[in-house]
Structures are given as C-alpha cells and as structure tokens.
Amino acid sequence: QVQLVESGGGLVQAGGSLRLSCAASGGRTFSTYVMGWFRQAPEKEREFVAAINRSGGTDYADSLKGRFTISRDNAKNTVYLQMNSLKPEDTAVYYCAAKNYGGTSYISHLYSSWGQGTQVTVSS
C-alpha cells in the first residue's frame, strides 16, 4: 500500500498563497494512481478539493475552481496543490489520498490510502 506524507501547510494571511506537497512511497508505480486532495474543517465533514488522473486530467470542487490547482510530478512521486487567494474559510486540515482504480472522484471512501494531513490556517 502506498504511503503518503503531506507538507507545506501553515499560517497565511487572507489573500495569500500556499503550495501543498504530498510525497508518495511504496505501493505501485506512482503514475498509476489517481491522486486527490480533501480537506476537513473543525466540526465539518471531510470535503473534496481536487483530483488528478493518470494522464493529468483534473477535477475540482466547483467552489474552488480558479483559485486552487492540482498537479503531479511522477518523476518525484509527488502531487501538489497550489492554493491562491486564500480565504479564512479555507482553514482546514488538508489530506492527500490515492485511488487505485478508475478515474477521478469526489467520493472519499473510493480512495484507499491517506496521508496524515497538514494544517492550513488563513487569518483575516
């Protein structure tokens, strides 16, 4: 099973940017996984942020289109989430996840491997 480790979270002012990274190790060849980002704010359910398929096709939560960009570097076994124009409501723990089969999905239980999460806090 692939292991995932997120990094890049932190405290940023509203309007700022952060780039999250998720490094994968073990499991199958990284390029064969569909990769996703999810987030969970305090007292809220985990929600889909973005996903990228094996050929680089992407999907985003409608509310985040235009501000967030997901990308992957298969040579580095890493998936990224570039977050721009951050808002206080983006404050959450951000998780990356790997999906073994099929295409991108916003359904969290279809992803079989998860990282430990990285905290993003946006101050107003």
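What you see is a predicted model; the values in this text were computed from it and never measured.
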For this session: Look at the side-chain heavy atoms of Ile, Leu, Val, Met, Phe, Trp and Tyr, link any pair under 4.5 Å apart, and say whether Val93 and Tyr111 land in one connected group.
Result: yes
Problem set entry | Interatomic distance, Glu45 atom CD to Ser108 atom OG [nearest 0.5 angstrom] | 9.0 Å
Problem set entry | side-chain contact (heavy atoms from CB on, under 4.5 Å) between Thr91 and Gln119, intermediate numbers included | CA-CA 8 Å; Thr91 295; Gln119 176 71 47; 4.0 Å; yes
Exercise. Does Tyr101 reach the main-chain N or O of Leu110 with its side chain, forming a donor-acceptor pair under 3.5 Å?
Worked result: no
Exercise. Nearest heavy-atom pair of Ala98 and Val2: which atoms, and what distance?
Worked result: CB-CG1, 3.8 Å
Problem set entry | Side-chain (Gln3) to main-chain (Gln1) donor-acceptor, under 3.5 angstrom | yes
For this session: Evaluate the side-chain proximity of Val79 to Ile70: yes if any heavy-atom separation is below 4.5 Å, no if none is.
Result: yes
Seminar exercise, completed: Of all heavy-atom pairs linking Ser124 and Ala14, the shortest is CA-CB, 4.4 Å
Exercise. Are Glu6 and Leu20 close enough that some pair of their side-chain heavy atoms sits under 4.5 Å apart?
Worked result: no
Exercise. At what distance, to the nearest 0.5 angstrom, does SG of Cys22 lie from CG of Asn77?
Worked result: 10.5 Å
For this session: Check whether any side-chain heavy atom of Arg54 lies under 4.5 Å from a side-chain heavy atom of Val34, and answer yes or no.
Result: yes
Problem set entry | pair Val49-Leu64: side-chain heavy atoms closer than 4.5 Å | yes
Problem set entry | Co-membership, hydrophobic cluster, residues Met35 and Val120, 4.5 Å side-chain | yes
Seminar exercise, completed: Rounded to the nearest 0.5 Å, the CG atom of Asn53 sits from the OG atom of Ser105 at a distance of 12.5 Å
For this session: Could you tell me the separation between the SG atom of Cys96 and the CD atom of Gln116, rounded to the nearest 0.5 Å?
Result: 8.0 Å
Exercise. Do Tyr106 and Asp59 touch side chain to side chain, with heavy atoms closer than 4.5 Å?
Worked result: no
For this session: Rounded to the nearest 0.5 Å, what's the gap from CZ on Phe48 to CH2 on Trp37? Could you check?
Result: 12.5 Å
Exercise. Do the side chains of Asp90 and Arg67 get nearer than 4.5 Å, heavy atoms only?
Worked result: yes
Exercise. Is it the case that Arg46 places NZ or CZ above or below the six-membered ring of Phe38, under 6.0 angstrom from the centre and within 45 degrees of the axis?
Worked result: no
Problem set entry | Separation of Ile52 CD1 from Tyr60 OH (nearest 0.5 Å) | 7.0 Å
For this session: For residues Thr118 and Gly9, report the shortest heavy-atom separation together with the two atoms involved.
Result: OG1-N, 3.2 Å
Exercise. Do you know which two heavy atoms are closest between Leu11 and Ser123, and how far apart they sit?
Worked result: CD1-CB, 4.3 Å
Exercise. Is there a side-chain contact between Tyr95 and Gln40 (heavy atoms, below 4.5 Å)?
Worked result: yes
Exercise. So if you build clusters from Ile, Leu, Val, Met, Phe, Trp, Tyr with side-chain heavy-atom gaps below 4.5 Å, do Leu18 and Tyr94 land together?
Worked result: yes
